[in-house]
Asker: 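Encoded as structure tokens, here's the structure I'll be asking about.
A, B, ... follow the sequence lines: proteins, then strands. Residue 1 opens every chain.
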Amino acid sequence: MPELPEVETSRLGILPYLKDQTIAALVIRQPKLRWPIDPDIELAKGQRIIDVKRRAKYLLLQLEHGWIVIHLGMSGSLRILLEDTPAQKHEHVDLVLDNGVILRYTDPRRFGAWLWTPFLEWLPQLKKLGPEPLTDEFNAEYLHQQIANKKVPIKTLIMDNHIVVGVGNIYASESLFMAKILPMRIASTLTQDEVTLLVAAIKRVLEQSIKQGGTTLKDFLQTDGKPGYFVQQLQVYGRAQHLCFTCHTPICSQKIAQRNTFYCQNCQK
DNA sequence: CGGGCGTCCTGTTCGC
DNA sequence: TGCGAACAGGACGCCC
């Protein structure tokens with residue numbers, strides 16, 4: 001579910017409630033997430049939350065001595081509630097603060113994760129990640145270098161964490177539409193100009209979505225319970241057989257690497 | 001090693 | 001209407 005804009009929306013939503021607060025308890029109703037929750041996470045108790053950061057689609061709760069790292073998987077979301085709010089189905093974890101506020105994690109499919117690590121560098125999940133898309137480190141020169149000799153479709157390549165992080169299935173289709181590049185094009189065949197357009201499109205689509213509070217298809221809610229509004233801006237994702245807003249020909253869909261992909265046969269080359 | 005694909009899980013939607 | 005199949009925002013890890 002959540003791609004970078006949804007994770008960033010969640011970060012911005014929880015930051016003011018968590019920063020400088022002290023963790024009173026962790027309530028784990030279901031420890032079996034993507035990986036079983038490490039019992040050492042109890043070490044977080046009594047610690048102050050210094051900051052809430054993000055790397056790729058991971059949320060990083062920086063404590064005085066250690067880190068809680070949260071991934072929302074496909075169907076996860078976080079909400080800020082008061083301590084005595086009854087837990088419903090699929091509400092697997094509460095982070096309880098000593099002021100009575102809780103951070104509640106919901107994840108029906110349980111593809112998400114709550115990780116504990118004393119040092120961020122120790123987490124294998126963070127070790128092989130590519131650059132953040134919204135930094136200067138992700139630029140046309142870098143991507144051009146990365147696509148050399150790559151025989152996968154460009155859409156598969158930009159969804160690869162080792163190349164660039166945070167671009168999931170929705171924003172891959174949207175970025176390629178904005179850059180006017182067909183998603184099934186073999187990566188190494190892109191021209192330098194196309195790579196430049198694609199890098200700019202990825203940045204722009206992600207930035208615009210963050211401004212709108214992310215994209216709500218079904219489950220995703222901002223931490224205040226409101227949906228994300230970027231769904232209203234989607235140009236191709238989920239619009240198969242509807243007419244392209246630009247040229248009014250029907251949007252196509254096709255599976256690429258087992259993932260449904262949307263594009264305009266006329267606007268994209 | 002690059003690239004393809006199965007896998008973890010539940011809920012919803014689709015087609016017969 | 002009922003039922004099973006297909007599919008859904010991620011990404012690891014195994015296979016060749």
Asker: Taking the side chain of A:Q258 as its heavy atoms from C-beta onward, which of C:dA11, B:dG3, B:dC5 lies nearest to it?
Answerer: B:dC5
Asker: If you define the side chain from C-beta out and look only at heavy atoms, does anything of A:R34 sit under 4.5 Å from A:F111?
Answerer: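 Not in contact.
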Asker: Which whole-number value in Å describes the distance from A:Y171 OH to C:dG10 P?
Answerer: 10 Å
Asker: Just the rounded figure in Å: distance from P of B:dG3 to CE of A:M159.
Answerer: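 It works out to 16 Å between those atoms.
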Asker: Hey, does the side-chain of A:R109 have a donor or acceptor N/O within less than 3.5 Å of a partner on the base of B:dC9?
Answerer: yes
Asker: Specify the separation, in whole Å, of atom CG of A:L72 and atom P of B:dT10.
Answerer: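 Rounding to the nearest Å, CG of A:L72 and P of B:dT10 are 18 Å apart.
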Asker: Considering every strand and a 4.0 Å limit on heavy-atom distances, what is the contact class for A:N260: base, sugar-phosphate, or nothing?
Answerer: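 Sugar-phosphate contact only - A:N260 comes under 4.0 Å of backbone atoms but never of a base.
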Asker: Rounding to the closest angstrom, what is the interatomic distance between B:dC14 and C:dG9 at atom P?
Answerer: 14 Å
Asker: To the nearest Å, how far apart are A:R110 CZ and C:dC12 P?
Answerer: 19 Å
Asker: Tell me: CD1 of A:I163 to C1' of C:dA11, nearest whole Å?
Answerer: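 From A:I163 CD1 to C:dA11 C1': 15 Å.
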Asker: Answer whether the closest heavy-atom distance between the side chains of A:S77 and A:L72 falls below 4.5 Å.
Answerer: no
Asker: What is the separation between atom CD1 on A:I158 and atom P on C:dG10, rounded to the nearest whole Å?
Answerer: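 Distance check: A:I158 CD1 to C:dG10 P gives 12 Å.
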Asker: Would a 4.5 Å heavy-atom cut-off, applied to side chains only, mark A:P250 and A:L243 as touching?
Answerer: yes
Asker: Under 4.0 Å, heavy atoms only, any strand: does A:K32 hit a base, just the sugar-phosphate, or nothing?
Answerer: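 Result for A:K32 = nothing.
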Asker: Between A:F177 and A:R239, is there a cation-pi geometry (under 6.0 Å to ring centre, at most 45° from the normal)?
Answerer: no
Asker: Rounding to the closest angstrom, what is the interatomic distance between C:dC3 and B:dC9 at atom P?
Answerer: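 Approximately 25 Å lies between the P atom of C:dC3 and that of B:dC9.
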Asker: Distance check: side-chain N/O of A:K150 vs OP1/OP2 of B:dG2, anything under 4.0 Å?
Answerer: no
Asker: Backbone N or O of A:Y142 within a donor-acceptor pair of the A:N139 side chain at under 3.5 Å?
Answerer: yes
Asker: Look at the side-chain N and O atoms of A:K255 and state whether any lies under 4.0 Å from the OP1 or OP2 oxygen of C:dA8.
Answerer: yes
Asker: Could you let me know what C:dG9 is paired to, Watson-Crick or G-U wobble, both distances under 3.5 Å, or none if it's on its own?
Answerer: none
Asker: Would A:F111 count as stacking on C:dG10 if stacking means ring centres less than 5.5 angstrom apart and planes tilted under 30 degrees?
Answerer: yes
Asker: Please classify the nucleic acid contact of A:Y237 as base, sugar-phosphate, or nothing, using heavy-atom distances under 4.0 Å.
Answerer: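 If one applies the 4.0 Å heavy-atom cut-off, A:Y237 turns out to touch the sugar-phosphate alone, with no base involved.
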Asker: Specify the closest pair of heavy atoms between A:S10 and A:L59, including all atoms of both residues, with the distance to one decimal.
Answerer: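 Nearest heavy atoms, A:S10 then A:L59: CB-CD1, 4.3 Å.
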Asker: Scan A:K128 against the nucleic acid and name what it touches under 4.0 Å (heavy atoms): base, sugar-phosphate only, or nothing.
Answerer: nothing
Asker: Picking from C:dG9, B:dC5, B:dG11, which would you name as closest to the side chain of A:E3?
Answerer: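 Looking only at heavy atoms from C-beta outward on A:E3, the closest nucleotide is C:dG9.
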Asker: Measuring only the P atom in each nucleotide, how far is C:dT1 from B:dG11? A whole number of Å is fine.
Answerer: 23 Å
Asker: Can you confirm whether A:E6 sits close enough to A:F230 that some side-chain heavy atom of one is under 4.5 Å from a side-chain heavy atom of the other?
Answerer: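 Side chain of A:E6 against side chain of A:F230, heavy atoms only: no contact under 4.5 Å found.
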Asker: Could you check which of C:dC7, C:dA11, C:dG9 has an atom nearest any side-chain atom of A:N169?
Answerer: C:dG9
Asker: For B:dC9, give its Watson-Crick or G-U wobble partner with both distances under 3.5 Å, or none.
Answerer: none
Asker: Return the nearest nucleotide to the side chain of A:V152; candidates are C:dG9, C:dA8, B:dG4.
Answerer: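 Selected nucleotide (nearest to the side chain): B:dG4.
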Asker: Calculate the interatomic distance between A:R259 atom CZ and C:dA11 atom P; express it in whole Å.
Answerer: 9 Å
Asker: Identify whether any heavy atom of A:R34 sits under 4.0 Å from a base atom; if not, whether one sits that close to sugar-phosphate; answer base, sugar-phosphate or nothing.
Answerer: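 Touches a base.
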Asker: Would you say A:H90 reaches B:dC9's phosphate, i.e. side-chain N/O to OP1/OP2 under 4.0 Å?
Answerer: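 Checking B:dC9 against A:H90, no side-chain N or O comes under 4.0 Å of OP1 or OP2.
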Asker: Quickly work out the A:L33 CG to C:dA11 C1' distance and round it to whole Å.
Answerer: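 Atom-to-atom, A:L33 to C:dA11, this comes out as 15 Å.
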Asker: Output the single nucleotide from C:dC7, C:dC12, B:dT10 whose closest atom is nearest the side chain of A:N161.
Answerer: C:dC12
Asker: Ignoring backbone atoms, test whether A:K89 places a side-chain nitrogen or oxygen under 4.0 Å from the OP1 or OP2 oxygen of B:dG11.
Answerer: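 So the side chain of A:K89 is within the cut-off, an N or O lying under 4.0 Å from OP1 or OP2 of B:dG11.
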Asker: Can you check whether A:H71 has a side-chain N or O nearer than 4.0 Å to OP1 or OP2 of C:dA11?
Answerer: yes
